[in-house]
Amino acid sequence: MSYQKVFPEGMEPLGTTPFNFSCHPGVPCFTTCCKKVDLVLYPYDIICLKNRLQIDSEEFLQRYTALVKGSNPFFPTVMLALTEEGRGECPFLTDDGCAVYEYRPTDCRTYPLERAVDRNPEKGGVAEYYFLAKHDYCAGHDEQQLLTAREYIRSQKLDRHNTMNGLWAEIDTLFMQNPWKGEGAGGPGQQLAFLICYNIDGFRRMAEERNLFDQFKLPKSRRRSINSSDEELLKFGFDWLKMLFGGKSSLIRR
């Protein structure tokens with residue numbers, strides 16, 4: 001029997017069906033979605049934002065984020081902290097729009113699409129589906145710019161974010177198995193995991209202090225990439241977490 005994905009009633013993936021959407025300063029709702037927003041930040045989002053702001057990831061976490069209990073009962077979710085004074089706006093919102101637009105988080109890039117990933121239980125493959133989301137206040141849907149999901153993804157430069165978030169999803173799934181059972185919330189294992197996933201500059205300092213990279217058989221090209229790229233360091237960190245907590249890792253100890 002061939003595998004066939006079944007979707008909830010009323011939800012149909014777009015596939016190659018085009019849709020109308022455009023967001024620009026001329027739409028009447030411009031920046032409305034930047035106010036009173038619940039925005040999850042993924043590990044790669046934080047790398048992009050802290051590099052745009054040219055600050056340490058630890059400082060970014062302290063100034064711009066809040067920890068909440070999300071869908072994973074064993075690991076905190078990082079949210080964007082909104083401004084105070086009762087406005088509840090994104091801290092990067094200005095009169096002219098987004099101050100970090102080229103480095104904006106995944107969820108900002110993705111709207112009006114919603115992405116779902118399915119791991120085919122028959123072939124072990126991965127398939128992604130996109131659905132169209134509509135908010136009543138959003139006038140962008142009335143704009144006459146016709147795009148397919150793939151064209152919109154390309155225009156928003158989402159591919160790299162989706163790739164990195166896919167790697168994070170594997171780690172989040174591993175964390176849902178409570179690999180640090182017995183030590184409680186905020187124990188050493190969970191603190192290390194949080195450092196690796198969200199505080200990339202702190203992780204780099206720790207790795208250098210402990211000569212962590214020398215403990216593994218790393219090709220010279222990968223070692224150079226890790227030394228120069230936060231993105232590659234995060235990939236290494238994900239691999240190390242898999243090794244530490246029972247996942248399938250590509251790392252080999254010396």
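All values below were derived from every heavy atom in this structure, side-chain atoms included, with hydrogens, water molecules and symmetry-related copies excluded. Computed from a predicted structure; not experimentally measured.
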Review point. Do Tyr42 and Leu39 belong to the same hydrophobic cluster, where Ile, Leu, Val, Met, Phe, Trp and Tyr are linked whenever their side-chain heavy atoms lie under 4.5 Å apart, directly or via other members?
Key: yes

**Study point:** Salt-bridge contact Arg150-Glu128 (side-chain N to carboxylate O under 4.0 Å)
**Key:** yes

Review point. Do Leu82 and Val37 touch side chain to side chain, with heavy atoms closer than 4.5 Å?
Key: yes

Practice item. Dump the intermediate steps for side-chain contact (heavy atoms from CB on, under 4.5 Å) on Glu143 and Asn20, then the final yes or no. Key: CA-CA 6 Å; Glu143 296 290 296; Asn20 279 309; over 6 Å; no

Point to revise | Flag side-chain contact, heavy atom, 4.5 Å: Asn199 against Phe203 | key: no

Revision key, fill the gap. Of Leu158, Val40, Leu41, the one forming a side chain to side chain contact (heavy atoms under 4.5 Å, CB included) with Thr106 is Leu158

Study note, to complete from the structure: Heavy-atom nearest pair, Pro13 first then Phe131, reads N-CE2, 3.4 Å

Check your understanding: So, the side chain of Arg104 versus the backbone of Tyr101: is there a donor-acceptor pair under 3.5 Å, distance only?
Key -> yes

Review point. Should the ring pair Phe245 and Trp180 be called parallel, tilted or perpendicular, given that the plane angle runs from 0 to 90° and is split at 30 and 60?
Key: perpendicular

Practice item. Might you point out which heavy atoms bring Asp142 and Gln144 nearest each other, and give the distance in Å? Key: O-NE2, 3.1 Å

Check your understanding: Do Leu147 and Phe21 touch side chain to side chain, with heavy atoms closer than 4.5 Å?
Key -> no

Review point. Roughly how far apart are Arg115 CZ and Leu113 CG, rounded to 0.5 Å?
Key: 11.0 Å

Check your understanding: Can you list the steps and then say if Arg160 with Tyr44 is a side-chain contact (heavy atoms from CB on, under 4.5 Å)?
Key -> CA-CA 9 Å; Arg160 178 167 288 185; Tyr44 185 62; 2.9 Å; yes

Review point. Do Cys138 and Tyr111 pass the side-chain contact (heavy atoms from CB on, under 4.5 Å) test, and can you show the C-alpha distance, the side-chain angles, and the key distance before you say yes or no?
Key: CA-CA 11 Å; Cys138 182; Tyr111 186 82; 3.7 Å; yes

Check your understanding: Taking it one step at a time, do Cys108 and Phe92 satisfy side-chain contact (heavy atoms from CB on, under 4.5 Å)?
Key -> CA-CA 12 Å; Cys108 299; Phe92 309 119; over 6 Å; no

Check your understanding: When the ring planes of Tyr137 and His135 are compared, do they come out parallel, tilted or perpendicular, using 30° and 60° as the limits?
Key -> tilted

Revision key, fill the gap. In this structure, CZ of Arg205 is separated from CG of Leu195 (nearest 0.5 Å) by 8.5 Å

Study note, to complete from the structure: To the nearest 0.5 Å, atom CZ of Arg223 lies from atom CZ of Phe216 at 11.5 Å

**Study point:** Side-chain touch Gln190/Pro76, heavy atoms, less than 4.5 angstrom
**Key:** yes

Exercise for review: Report whether Phe175 and Val68 are members of the same hydrophobic cluster (ILVMFWY, side-chain heavy atoms less than 4.5 Å apart, transitive linking).
Suggested key: yes

Review point. Where the side chain of Thr31 meets the backbone of Cys34, is there a donor-acceptor pair that is under 3.5 Å apart?
Key: no

Review point. Looking at side-chain heavy atoms only, is the closest gap between Leu192 and Leu244 below 4.5 Å?
Key: yes

Point to revise | Smallest separation among heavy atoms of Asp239 and Ser250, with atom names | key: OD2-OG, 2.7 Å

Exercise for review: Report yes or no: does Ser249 contribute a side-chain atom to a donor-acceptor pair with the main-chain N or O of Lys242 at less than 3.5 Å?
Suggested key: no

Point to revise | Minimal non-hydrogen separation, Trp240 against Arg253, with atom names | key: NE1-NH2, 4.1 Å

**Study point:** Check ion pair Asp159-Arg109 (N to O, under 4.0 angstrom)
**Key:** no

**Study point:** Heavy-atom side-chain contact between Met79 and Asp38 under 4.5 Å
**Key:** yes

Exercise for review: Assess whether atom CZ of Arg210 is packed by more than 12 heavy atoms of other residues, nucleotides or ligands within 6.0 Å.
Suggested key: no

Practice item. Flag the pair Arg222 / Ile226 as yes when at least one side-chain heavy-atom distance between them is below 4.5 Å, and no otherwise. Key: yes

Revision key, fill the gap. The salt bridge (charged side-chain N to carboxylate O under 4.0 Å, His left out) partner of Lys50 among Asp230, Asp45, Asp56 is Asp230

Review point. Judged by atom type as modelled, is there a donor-acceptor pair below 3.5 Å linking the side chain of Asp172 to the main-chain atoms of Asn72?
Key: no

Check your understanding: Do the two ring centres, one from Tyr152 and one from Tyr130, sit under 6.0 Å apart?
Key -> no

Exercise for review: In plain terms, say whether Lys235 and Glu232 are close enough for a salt bridge, that is, a side-chain N and a carboxylate O under 4.0 Å apart.
Suggested key: yes

Check your understanding: Is Tyr103 atom OH crowded by more than 12 heavy atoms from other residues, nucleotides or ligands, each under 6.0 Å away?
Key -> no

Check your understanding: Sub-3.5 Å donor-acceptor pair from the side chain of Gln191 to the main-chain atoms of Gly186, do we have one?
Key -> yes

Review point. Side chains of Leu67 and Tyr198: does their closest heavy-atom pair fall under 4.5 Å?
Key: no

**Study point:** Which atom of Gly140 lies closest to which atom of Cys29, heavy atoms considered
**Key:** N-SG, 4.3 Å

Check your understanding: Under 3.5 Å, is there a donor-acceptor pair between the side chain of Thr83 and the main chain of Glu89?
Key -> yes

Exercise for review: Measure the CD-CZ distance between Gln62 and Phe60 for me, rounded to the nearest 0.5 Å.
Suggested key: 12.0 Å

**Study point:** Least distance between heavy atoms, Cys48 atom then His161 atom
**Key:** SG-CE1, 4.0 Å

Check your understanding: Just by modelled atom types, is the Glu102 backbone N or O under 3.5 Å from a matching donor or acceptor in the Arg52 side chain?
Key -> no

Point to revise | Euclidean distance, Glu231 CD relative to Leu167 CG, rounded to 0.5 Å | key: 9.0 Å

Check your understanding: Would one find more than 12 heavy atoms of other residues, nucleotides or ligands at under 6.0 Å from atom CG of Asp214?
Key -> yes

**Study point:** Polar side-chain atom of Ser57 near backbone of Ile200 as donor-acceptor pair, under 3.5 Å
**Key:** yes

Review point. Does Phe194 belong to the same Ile/Leu/Val/Met/Phe/Trp/Tyr cluster as Leu234, with side-chain heavy atoms less than 4.5 Å apart forming each link?
Key: yes

Practice item. Any chance you could measure Leu241, atom CG, to Phe236, atom CZ, to the nearest 0.5 Å? Key: 10.0 Å

Review point. Parallel, tilted or perpendicular for Trp168 and Phe75, by the 30°/60° rule?
Key: tilted

